[in-house]
Structure formats: structure tokens, C-alpha cells
Amino acid sequence: MYVDVILPVPLADSYTYFAPPEMEAQISVGALVTVEFGQSRRLSGIVGYIRQAPPQSLNKIKPILAVETAQPVVRQPQIPFWEWISQYYLCKLGEVYNAAIPSGLRADSPISYTARKETFIRLSGAYANNNLNDAFQKITRSAKQEQLLLAFMQYSRAAKGEIAKKELLAKSQATSSILNSLIEKRILETFDKEISRLQVYGEEVETLNKLNDYQQTAYNEILDRFSGKDVCLLHGVTSSGKTEIYTHLIAKTLDMNRQVLFLLPEIALTAQITTRLKKFYGDRLGVYHSKINENERIEIWNNLLTDTVLSVILGVRSSIFLPFRDLGLIIVDEEHEPSYKQQDPAPRYHARNAAIVLARMHGAKVVLGSATPSIESFHNARTGKYGYVQLNKRFEETELPLIMPVDVKELRRKKQMKTLFSPLLIEKMQTALTNGEQVLLFHNRRGFSPTLVCKICDWTPKCTYCDVSLSYHKYANHLTCHYCGRVYKLPQHCPECENAALKPWGFGTEKIEDEIRTLFPSVAVARMDSDTTRNKKSSEEIISHFEAGETQILIGTQMIAKGLDFAKVSLAGIINADSLMNFPDFRAYERAYQLMAQVAGRTGRRKTHGEVVLQTSHPDHPLIQLALNHDYEGMYAMQSEERQLFRYPPFSRLINIDLKHKKDDVLREASAYFCAILREKLGDRVMGPDKPAVGRVQNLFIRRILLKIEAKASVRTLREILEKAQNRTAQVAEFKYITMAFDVDPE
Ligand code: ADP
Ligand code: ZN
Ligand code: ZN
């Protein structure tokens, strides 16, 4: 028997191996097998295809060394879904396999699954058939032992005469020494039992909240759209209760014995929604993201594979790879979020778009939810490709927040900007805090991290391996490279001019925090950004402290603008709106609008009317005006005209190709050569090659080529053109070690 095995390597899509006769019975599509790859590497691969006939050449065909799991570890239609991803996103099947399967399932992984064990108590052999009179005889002199034995009888009855030691001690309020006496007398005994990490929800599940009239109408409209379309965009203003509508759609899907995937863009959001959903679905809800541990990940995978308990998965983008039996509904919440796109490594997939393809394979419906839809999704709704449902009322019927622009340029001229905060923002903060309300301060992270600069010659410290300035972290007292992660000590003086006075330049959230502590010394402040949320717990803690009112001011980057539901925030400050707009990126305005609207949307979510102080040097800028008026459609009209004109999405499909090499001159020649080949077929759809803003990372120089392809063009033809051009380039001896990374639909 000959089989094609998908291996976790970025070369060919699959490799043919030979299955010896004694193994044949164990081989099925989806089984994991160990094979030899190259001279001596042993890899775990997955059987992708069983060949009807032997391959044309039997040269170099090696045998499968072992079958790791005879049962498939995937379900239909996972492998066809991987194939779609590899075709569309221009990567190899093995790269998708690598991203999709938890590594702990594979025998070649250093991590392997360990079951969770717990100590349980049962009657020991002699008493197991309830011959308990003798037992009670033995302990007549100890009332406490008697009580514990009675408690054991009571609490273990429902569970086949077993109970976890911890639970028994807690419920009976006995000490372990009393328990040990019963064990020494051989009345009770302990044993270890494997327990699931997933079944932990102890409480009764609740019935769903009743939808209000607007929500009920929207819910009905979504079902109506689903009769003709597979995807529906739910465009609901912030705090209109989109999540409540999802809960009803989920319940309806579960009633049909189908499964639900609920996608969120960011781990930081999962905790709040998990709490909201656990109440309704208990242990049927599973949570899947990169920060749960490998054992839990494997239990979720296996649970879905054998289909026992889980039926709703809440997760970030990687959960599209789970082995669903029968998806009936996929919810993509905050569908506009760029973090749905995987950056590095390949597969560089967009989880929202891939989810739509996955849904089609399952015959499932998709709801895309957002208060500020992506231009692409709104365009698809406008052109009738998607259904469209609007929800314009906030749940508590509060008005949308009042956004107040402040001209910081003017204030600076008048010397009224003594801190990073305008007098209006300071005054509003004082009022909110006096009223016992909370404040969010938003500052854009991208590109504005602070660095050090020499006051005399303008020298700034750069990474040795990347062409980028190092970021200065005041509290940690060091410099870091945000591209390669290296940490550097602070220089004592400027290496160019020997000047010892190096000054911080630019400002970030740390600086805002410092100034806030000086202005409001008695107020509890927290900061949420990539520095303070390295692990999942810290972001959960920051959020839950703020929810509980233990902190009054929360300072943060993009993370605080995303879909969180805080009851007592009445004010938000946007420290520098210009930094949102000034990006050389065709999405800059769309993103800036979305961020302003989303930050505003965190305020006034209950009774009070929310307010936003928006600091800018261009208060008359058309985009600021659109944001003040909550005019999403105006923003869409402006952007879509521009995008049509300059051939940007949704009117074209973009593909970035990054070529890398350690020698700049070789790279320059290779990029020109490759580009020329592409132009033979693609003409003026090829832009570049250019040096990107950061032209060297990890000691490799980079050239970027951008393709603008008609939205309707064939993916397969394009793939062939690119593969041919890549192969021709690789045939030139000096270009052999040029690497190419393809990024389809870059965000
Ligand atoms: P969105 O997802 O549109 O931003 P949410 O679903 O978070 O809005 O709703 C905002 C708040 O209003 C939440 O705290 C939610 O529990 C509450 N809410 C919305 N609709 C209802 C409802 N029908 N019954 C009870 N509470 C609701
Ligand atoms: Zn200097
Ligand atoms: Zn670096």
C-alpha cells in the first residue's frame, strides 16, 4: 500500500511512503504515522491520501516506520479545508498541518500529553458489597469517624460509590487525619483516577436573557437573511446587545444538535465572554486559544473528535482548525479586527475569511458582528453577497457617546498643554472621578514607542540585527527591539559624540501613566499594553480589577478598544488621534475610524451618557468630522471611492511578497529578476520591488513586491505563475538561498 503523508515541512505538499502489509489494516486517512525524512530525521505526519496505484517511480520510496494512532485524528472536512488554505494563502500543506494539529498529539513533539489525576476514595474490598455493619462496629468509639463514614455514604451514592478526596473533606468538614484512620482500618481506600480538565462547571445553567424588541427584530431578520444567504453581517452599534443575540442563535443551533464556533480576535476578550456564556451552556462550552496549556488543548481536540460533551467552542483564530463534527453556525465577533490575520509564520490566513469557507464545507451559517465593519464586509453586504442586519439602539437606550475634539496644536501655541492632557480632558477626568465613574485613556501603540535620542547629534540606538530604533522601557530600564525581541543595556553616552545626556523621545503608555500618577496621586491606575500582559492571567487581572472598580483609570493600547463591556466608564480620552491617521497604509483611515468609534463605544454603556475627549492637531480633518458624527457610512463612501481609484481591496486582491537574503546586493538583483518574470505575465499588477520601512530584520535584508490582482481572478492560475517565477529564480545559482514569503490579503 502506498500513501501520501503530509509532513510538517515547508517543501512539497505531501510525500509518498510505503506501508508494509502488516500495517495496512491500521492505515486510514487522518492517521498519524512516523516516517523518516531526509537522512535521519523522524517526523510525525498525517496520512492525507491512500493511493490506488503505486507511484510512477518506486525509487527512494521509504517505508512507514510506525502507526502512531490508528484512529484518524481529524474529521471530514478538515484535510480539504487545509488544502483550501494552502492553495489560497500560497503555502504548503505541511505548514497548515503544523499550525492545525496540537503538537502534543504528535510523537515527534517533546511535549506529550499527561492525563490529570486526582485521588478518589471508595470502600475497600471487604466492604464493597455494603457489608457495613462490621465497619461501623469497628469505629463505635469515634464519633468523628462515624460521621465521616456516614458523609462518605451520602455523598458518594450518586457517583457509584466514589468521591474525590478533596470533595469529601470539604463537604464533610473532616480532617485528613480522621480520614486516614478510616483508611488504616481498611474501611476506606484511596485510588487515582483520570479526570477531565473540561468538566468543571459546578453550577446550574441559566435560561437565556430575554431579547428586547430591537434585538428580537434583528434576530428574526438574521434568520430571514439565512434563508437566502450563508453569511449575514450584523452591524450593531456598541453596546446594542450583539452578544445577547448570539446567545439565542447559539441555542437554536444546539437544539438542532449542531455545533457552534464563536470566534474572538483577542485572548484578552475571552475571559469576559467565557463568563457570560458559561452561565448558559456550562460544560458544553470549550475555550481554545494559544495560552491554554497543551494538555487542555488535547482534551478539547479529543473531546470533539469523539464528540462527547463540547458543542460550543469559543476561541481565537486557531480554533478554526478543531475537529468539528457538524458546525451549524460560526460567529465572528468584532469581525473588522486585524488580529484575525495570522502574520508569521505561514499559513498567513485570515480567520474570518477562512471561517466562511469552513462554514460552506459544513453547510453552516456565519454571522459577522461589528459596530464598525471592515470595508470589505460592508461592501459584500452592499453588493448583496452577504445579508445585512442593523441594530441602531443601545441596550440601555443611552445615546451614542459625545465626542469632543480638542485642538492640541492651538493649545500648545498658547502654552496650555503642560502635560500630555488638554485642560478639557483633565477637567472631565476630575468630574468623572468625583462622580465615582471610571476613565479609559487610549494611546496608539504602532510606531510611537519611545526611544532614546542624543540631544546634541540626534543619534538614536538601533538594533544590531534589524534596521530599526530600539524602544526605551523606563521601568525595566533597558532597550528592546520590537522586531527580533533582543534586549539591550542602556548606553552610558552617545557613541557618536560622547555626549552623556541621552533623552527619551516620543511617548508611550508608560509616560501617560507617570503623568496621571502625578496629576491624581490618590487614584488607582492600571496600564494594559503588550508589556503588562505577557501572560493571559495578567490581562485577565487588569480587566477584572477594573470591572470590580478597584482601579479608576485604565490606560491602554489597542487592547482596550476591543469589545470589552465595562459598566462604569463614563469618559474616554484619545491622547493623540493624529498618530492613528498618519500611516502609509491604505487602511489607515478605516482603522483610525474604527479605533475612535470603538474607544468611544466603551463609554456610557449603562445609564450615563458617555463622553470622549479626542486630542488632535487637525480637528477639521474629514475623518475626525465623520467620527464625531458617528457616520460610518460616510467613512465607507469616502474610503471605497479611494480604494476603487487606486485598486485596493475590496476592488483588488493584494499579495505581498517579501524576499530575504543576507547580502543586500544579491537580494537587489534577485528581486529585480523575479519581478521581471512576474511582469511578463502580470504587467502593471506588479509594484516594486521596494525597501520596506524596516529594511533588515534578524540580519536579513528585505525587498517587498506588491501584487494588485483583480478580485475575480483565478487563484490557481496566479499560483502557477508565482510558482514558475519562483522556480526560475531559484535556478540562478547565486539566488538559490533567497527566501520568499507570500502574504495574501495582508492586513
Ligand atoms: P455589544 O456586544 O453589542 O457591544 P453587549 O451584548 O455586550 O453589547 O450588551 C451590552 C450590555 O447590555 C451587556 O452587559 C449585556 O449583558 C446587556 N444586555 C444587552 N441586551 C440584554 C438583554 N436582552 N437582557 C439583559 N441584558 C442585556
Ligand atoms: Zn551624540
Ligand atoms: Zn532586532
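Numbering of ligands and ligand atoms starts at 1, following listing order. Computed from a prediction, not measured in an experiment: that's the story for all the values here.
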Worksheet item: Heavy atoms, side chains only, cut-off 4.5 Å: are Lys462 and Tyr488 in contact?
Response: no
Practice prompt. Assess whether side chain to side chain donor-acceptor pair (under 3.5 Å) is satisfied between Thr372 and Gln598, documenting all intermediate values.
Written response: CA-CA 8 Å; Thr372 51; Gln598 292 288 348; 2.9 Å; yes
Item to complete: Flag the pair Asp283 and Lys278 as a salt bridge only when some basic side-chain nitrogen lies within less than 4.0 angstrom of an acidic carboxylate oxygen.
Response: yes
Practice prompt. Could you tell me whether the Zn ion (ligand 3) has an N, O or S atom of His482 under 2.8 Å away?
Written response: no
Worksheet item: Can you list the atoms of ligand 1 that are under 4.0 Å from a heavy atom of Leu211?
Response: 23 (N)
Discussion item. Test your reading of the structure: does Phe395 have an N or O sitting under 3.5 Å from an N or O of ligand 1?
Written reply: no
Discussion item. What do you get for the angle at the Zn ion (ligand 3) between SG on Cys484 and SG on Cys466, to the nearest 10 degrees?
Written reply: 110°
Response to the item:
When distances are taken from atom 10 (C) of ligand 1, the protein heavy atom at minimum range is Ser239 OG, 3.5 Å
Fill in: Arg352 and Glu337 ion-paired at < 4.0 Å
no
Practice prompt. May I ask you to test the Leu595-Phe442 pair for a side-chain heavy-atom distance under 4.5 Å?
Written response: yes
Item to complete: Give the C-alpha distance, both sets of side-chain angles, the deciding distance and a yes or no for side chain to side chain contact (heavy atoms under 4.5 Å, CB included) between Phe395 and Asn209.
Response: CA-CA 12 Å; Phe395 173 63; Asn209 294 328; over 6 Å; no
Fill in: For atom 9 (O) of ligand 1, the protein heavy atom that lies nearest, with its residue and separation
Gly241 CA, 3.6 Å
Worksheet item: What is the distance from atom CD1 of Ile245 to atom OH of Tyr214, rounded to the nearest 0.5 Å?
Response: 13.0 Å
Worksheet item: What protein heavy atom is closest to atom 16 (O) of ligand 1, reported as residue, atom name and distance in Å?
Response: Glu244 OE2, 3.1 Å
Worksheet item: Considering only the protein, which heavy-atom contact is closest to atom 7 (O) of ligand 1, and what is its distance?
Response: Arg276 NH1, 2.9 Å
Discussion item. Please report whether ligand 1 has a polar contact with Thr238, defined as an N or O pair separated by less than 3.5 Å (distance criterion only).
Written reply: no
Fill in: the Zn ion (ligand 3): angle it makes with SG (Cys481) and SG (Cys463), nearest 10 degrees
110°
Worksheet, complete the sentence: Closest non-hydrogen atoms of Asp631 and Gly634, given as atom of the first, atom of the second and distance, are OD1-N, 2.8 Å
Discussion item. Taking 4.0 angstrom as the limit and counting only heavy atoms of Asp565, give me the atoms of ligand 1 inside it, by number and element.
Written reply: 11 (C), 13 (C), 14 (O)
Worksheet entry | Heavy-atom nearest neighbour in the protein, as seen from atom 20 (N) of ligand 1, with distance rounded to 0.1 Å | Gln215 NE2, 2.9 Å
Worksheet item: Roughly, to 10 degrees, what angle do Cys454 atom SG and Cys494 atom SG form around the Zn ion (ligand 2)?
Response: 110°
Worksheet entry | Cationic N near anionic O, under 4.0 Å, Asp658 to Arg704 | yes
Worksheet item: Do the charged groups of Asp230 and Lys385 touch, with an N to O distance under 4.0 Å?
Response: no
Worksheet item: What residue and atom, counting heavy atoms only, is the protein's closest point to atom 2 (O) of ligand 1, and at what distance?
Response: Thr243 OG1, 2.9 Å
Worksheet item: So is Gly236 close enough to ligand 1, meaning a heavy atom under 4.0 angstrom away?
Response: no
Discussion item. Please determine whether the number of non-hydrogen atoms from other residues, nucleotides or ligands lying under 6.0 Å from atom OH of Tyr483 exceeds 12.
Written reply: no
Worksheet, complete the sentence: ligand 1 to Lys210, heavy atom cutoff 4.0 Å, flagged ligand atoms 22 (C), 23 (N), 24 (N)
Worksheet item: Quick one: angle Cys457 SG - the Zn ion (ligand 2) - Cys497 SG, to the nearest 10°?
Response: 120°
